[in-house]
Amino acid sequence: MSDCIFCKIIAGEIPSEKVYEDRDYFAFSDINPQAPYHILVIPKKHISKIAEMEEGDKEFVGGLFSTAVKICSDKAITDYRLVINNGEGAGQAVFHIHLHILAGRDFEWPPG
Ligand code: 5GP
Ligand code: ZN
């Protein structure tokens with residue numbers, strides 16, 4: 001997707017602080033962190049939002065979670081919140097699926 005900022009980050013056209021990359025996934029620090037540790041995990045395949053995923057995308061979306069667990073495990077982070085916002089009303093601002101990893105502070109429930 002030529003106008004997608006996260007596709008541009010994957011391609012290296014927009015700089016980012018990369019924390020993880022493999023064949024299918026890319027993870028980087030959020031530019032506006034909401035916790036001491038705030039990482040975004042994205043599939044390299046452009047999928048705009050959870051509600052738009054197709055049958056064949058299930059494993060890409062599932063892999064976001066196993067990638068997040070791996071990243072946290074490698075950093076010995078045991079307590080963290082994983083968030084996906086779907087749609088503008090839920091707080092989604094970038095329309096390339098991303099899993100937020102938030103850690104390093106206490107979290108409230110329900111979230112704001
Ligand atoms: P959303 O609100 O869509 O769930 O989350 C989008 C996230 O992407 C936000 O937390 C925002 O700070 C982050 N973000 C937006 N643009 C950039 C960027 O250019 N670089 C990085 N590293 N993060 C970004
Ligand atoms: Zn994209």
Side-chain angles (χ1 to χ4, degrees):
M1 270 263 170
S2 57
D3 60 347
C4 170
I5 59 169
F6 284 0
C7 282
K8 287 181 178 169
I9 283 175
I10 292 165
E13 294 165 12
I14 294 175
S16 71
E17 192 179 300
K18 181 170 87 173
V19 301
Y20 179 83
E21 182 174 14
D22 64 21
R23 190 190 62 180
D24 295 325
Y25 300 99
F26 193 93
F28 54 102
S29 300
D30 196 294
I31 204 167
N32 183 22
Q34 302 301 311
Y37 191 74
H38 188 172
I39 301 298
L40 301 173
V41 187
I42 61 178
K44 288 187 174 175
K45 179 181 179 189
H46 180 93
I47 303 166
S48 63
K49 58 198 276 198
I50 275 285
E52 298 294 329
M53 70 177 181
E54 296 169 356
E55 186 67 20
D57 296 331
K58 281 183 184 172
E59 75 177 73
F60 281 111
V61 175
L64 290 173
F65 289 89
S66 46
T67 302
V69 169
K70 176 176 170 41
I71 290 168
C72 291
S73 168
D74 287 351
K75 296 212 175 292
I77 297 170
T78 56
D79 297 351
Y80 45 87
R81 181 169 284 181
L82 302 178
V83 175
I84 295 178
N85 296 319
N86 182 80
E88 282 174 21
Q92 185 174 9
V94 178
F95 284 79
H96 179 131
I97 284 181
H98 46 283
L99 178 63
H100 295 259
I101 305 174
L102 297 144
R105 65 170 171 85
D106 291 333
F107 294 99
E108 295 179 358
W109 194 261

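Heads up: numbering here begins at 1 and tracks the sequence. Whatever order the structure lists ligands and atoms in, that order sets their numbers, starting from 1.
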Contact table, ligand 1 N/O with protein N/O, distance under 3.5 Å:
unit_1: ligand 1; atom_1: 2 (O); unit_2: Gly91; atom_2: O; d: 2.6
unit_1: ligand 1; atom_1: 2 (O); unit_2: Ala93; atom_2: N; d: 3.4
unit_1: ligand 1; atom_1: 3 (O); unit_2: Ala93; atom_2: N; d: 2.6
unit_1: ligand 1; atom_1: 3 (O); unit_2: Val94; atom_2: N; d: 3.0
unit_1: ligand 1; atom_1: 3 (O); unit_2: His98; atom_2: NE2; d: 2.8
unit_1: ligand 1; atom_1: 4 (O); unit_2: Asn85; atom_2: ND2; d: 2.9
unit_1: ligand 1; atom_1: 4 (O); unit_2: His98; atom_2: NE2; d: 2.9
unit_1: ligand 1; atom_1: 4 (O); unit_2: His100; atom_2: NE2; d: 2.8
unit_1: ligand 1; atom_1: 5 (O); unit_2: His98; atom_2: NE2; d: 2.9
unit_1: ligand 1; atom_1: 5 (O); unit_2: His100; atom_2: NE2; d: 3.3
unit_1: ligand 1; atom_1: 10 (O); unit_2: Asp30; atom_2: OD1; d: 3.2
unit_1: ligand 1; atom_1: 10 (O); unit_2: Asp30; atom_2: OD2; d: 2.5
unit_1: ligand 1; atom_1: 12 (O); unit_2: Asp30; atom_2: OD1; d: 2.5
unit_1: ligand 1; atom_1: 22 (N); unit_2: Ser29; atom_2: O; d: 2.9
unit_1: ligand 1; atom_1: 22 (N); unit_2: Ile31; atom_2: N; d: 3.4
unit_1: ligand 1; atom_1: 23 (N); unit_2: Ile31; atom_2: N; d: 3.3

Distance-only donor-acceptor pairs under 3.5 Å for side chains of residues 67-78, two or more places apart:
unit_1: Thr67; atom_1: OG1; unit_2: Gly63; atom_2: O; d: 2.7
unit_1: Lys70; atom_1: NZ; unit_2: Asp74; atom_2: OD2; d: 3.3

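For the atom pair CG of Leu64 and CG of Asp24, the computed distance is 10.0 Å after rounding to the nearest 0.5 Å. With rounding to the nearest 0.5 Å, the separation of SG in Cys4 from NE2 in His46 is 5.0 Å.
With sequence neighbours left out, the salt bridge (charged side-chain N to carboxylate O under 4.0 Å, His left out) criterion links Glu52 to no other residue.
Within His46, the N/O/S atom positioned nearest the Zn ion (ligand 2) carries the name ND1. Atom ND1 is the N, O or S atom of His96 at the shortest distance from the Zn ion (ligand 2).
For the pair SG of Cys4 and SG of Cys7, the angle at the Zn ion (ligand 2) is about 120°; rounding is to 10 degrees.
Sequence neighbours left out, the pairs with a member in residues 40-49 that pass salt bridge (charged side-chain N to carboxylate O under 4.0 Å, His left out) are Glu21-Lys44, Lys45-Asp57.
Centroid-to-centroid, the aromatic rings of His98 and His96 stay 6.0 Å apart or farther.
At most 12 heavy atoms of other shown residues, nucleotides or ligands fall within 6.0 angstrom of atom CD in Glu59.
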